[in-house]
Number of protein chains: 2
Amino acid sequence: MNFHELLLCEGNTLEKEKGEHVFMQGDSDKSLYFIQTGLLKAYYTSSSGKEAIKSFILPNDFIGSLSSIYAGQNCSFSLVSLETSMLVKIPFEKIVEYGKKDIVLANNIIEFLMRLTLKKERREHEFLCMSAEERYLALIESTPILLKKITQNDLARYLGMTPVGLSRIKKRVQSKMSKQGENNP
Amino acid sequence: MNFHELLLCEGNTLEKEKGEHVFMQGDSDKSLYFIQTGLLKAYYTSSSGKEAIKSFILPNDFIGSLSSIYAGQNCSFSLVSLETSMLVKIPFEKIVEYGKKDIVLANNIIEFLMRLTLKKERREHEFLCMSAEERYLALIESTPILLKKITQNDLARYLGMTPVGLSRIKKRVQSKMSKQGENNP
DNA sequence: CATGAATTTTAACCTCGGTTAATGATTGTC
DNA sequence: GACAATCATTAACCGAGGTTAAAATTCATG
């Protein structure tokens, strides 16, 4: 059995309208969600009420709170739908259970975790080595599709800055671009 | 077979003196390293020559470059020994090969990857939601042992700031602490 | 112990991005 | 089409931390 087959036989499909939450920070939710269509955002809310966006989740991505699933704590972030989205929900327990019996599935899970780790490493690298402006430029390069679907507000909170800061950076970048376009002496 | 047994039968032990590199950014190295004793640091070097520290590796940790192992690229960071260290090196290919045949090992790998992902998530959370000062305080709480073994320079580069900045923060924190110690009116 | 090298601290100056608040632009809704 | 609501831009001010360079401290090694 592979991951996809497991989803079909053990998963439940659910639909979330724009603005509906799948779970909230502080909840206990030991499920994994597979996104079929739509767009979601995973975000932290700090004690002072500020929002920081962990990730956007696109079709064919998975999402779930590892700290709830694995570390025995509550969800460290909230998950909300930005567009009407179709999800498949599956208890993580089921995955572990089948993974213990089925080696093909176990290797699917390994694949999936490796890809996830690689993604997290890239993000770590960006925060460690790049300025806010560089992170913005890198995102334009790597995921231009996302830019069309999300607000500037959300984009800023994903890049680790405020919407005001991002607006300033955009302006700065544009003026650099136009200078680059001029005939250089 | 479990992870530990695989290391015994397929791994090679090697010793690295302080200052010796295991691999350099840009190399191709598709091995996983298990640290028995000692201390290592994994760090990025930016195009402008600046260093940012990805992680410190302590006994019983694993380290390897996922981008080389898995993404078919070169190592995105360098790995250097900070103290004389004993490592066990194993080609990642071997792990995959055995993981395809042995379900106990496959589940060991899943365990290991989950723990790694959880660690990366915590670090992502710190960069997204905390100031440099808060990250410093959090590290004092969570890993005081590390503070005794590494230089301020390395600590700063791990927290995403300069040694000068860290020195300033330390001073600020100390003055706060001493104020807290006074009799509050 | 003495010397030099590395590490840490301090100071002066500067830049980037946060904060607050006002102003425009867009969007949705009745 | 008018209104509110949300979103984006702009401006003024501020503070955290970067940069550079010098001074102080610690460490290593002959």
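Convention: sequence-line order gives letters A, B, ...; per-chain numbering from 1.
Residue A:T162 places none of its side-chain N or O atoms closer than 4.0 Å to OP1 or OP2 of C:dG17. Of the side-chain N and O atoms in A:K170, one or more sit less than 4.0 angstrom from OP1 or OP2 of D:dT9. For D:dA16, neither phosphate oxygen OP1 nor OP2 lies less than 4.0 angstrom from any side-chain nitrogen or oxygen of B:R172.
Residue B:R168 contributes atom CZ, which lies 10 Å from atom C1' of C:dT10 at whole-angstrom precision. With rounding to whole Å, A:L82 atom CG is found 15 Å from D:dT6 atom C1'. Straight-line distance from the NZ atom of A:K148 to the P atom of D:dC7: 21 Å, rounded to whole Å. Rounding to whole angstrom units, CD of residue A:E133 and P of C:dC16 are separated by 8 Å. Here the P atom of nucleotide D:dG17 and the OH atom of B:Y136 are 13 Å apart, to the nearest Å. Computed from coordinates, the A:E51 CD to D:dC7 P distance equals 11 Å when rounded to whole Å. Put simply, NZ on A:K171 is 15 Å from P on C:dG24, counting in whole angstrom units. Atom CG in B:L159 sits about 11 Å away from atom P in D:dG17, given to the nearest Å.
Salt-bridge formation is not detected for the pair B:E10/B:K89: no Lys NZ or Arg NE/NH1/NH2 atom is positioned less than 4.0 Å from an Asp or Glu carboxylate oxygen. Of the charged side-chain nitrogens involved, none lies within less than 4.0 Å of a carboxylate oxygen, so that A:K120 and B:E121 do not count as a salt-bridged pair.
Comparing C:dT20, C:dT8, C:dA12 by their nearest atom to the side chain of B:Q152 picks out C:dT8. Of the listed nucleotides (D:dG18, C:dT9, C:dG18), C:dT9 has the atom at the smallest distance from the side chain of B:S167. Across D:dA21, D:dA8, C:dT8, the shortest atom-to-atom separation from the side chain of B:N153 is found for C:dT8. Counting only heavy atoms from C-beta on, B:K50 has its side chain closest to D:dT19 among C:dG17, D:dT19, C:dT20.
Comparing B:K18 and B:I169, the nucleotide of DNA chain D nearest to each residue sits closer to the 5' end for B:I169.
Side chain of A:S67 to main chain of A:N74: a donor-acceptor pair is present (N/O by atom type, distance under 3.5 Å, no hydrogens or angles).
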Apply salt bridge (Lys or Arg N to Asp or Glu O under 4.0 Å) to B:K18 and B:E83, showing your working. CA-CA 4 Å; B:K18 177 174 176 173; B:E83 300 173 356; over 6 Å; no

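Residue contacts shown for B:L166 are absent, as no nucleic acid heavy atom lies under 4.0 Å away. Residue contacts for A:T151: at a heavy-atom cut-off of 4.0 Å it reaches the sugar-phosphate backbone alone, with no base atom in range.
With no hydrogens or angles considered, no side-chain donor-acceptor pair links B:E141 and B:Y136 at under 3.5 Å.
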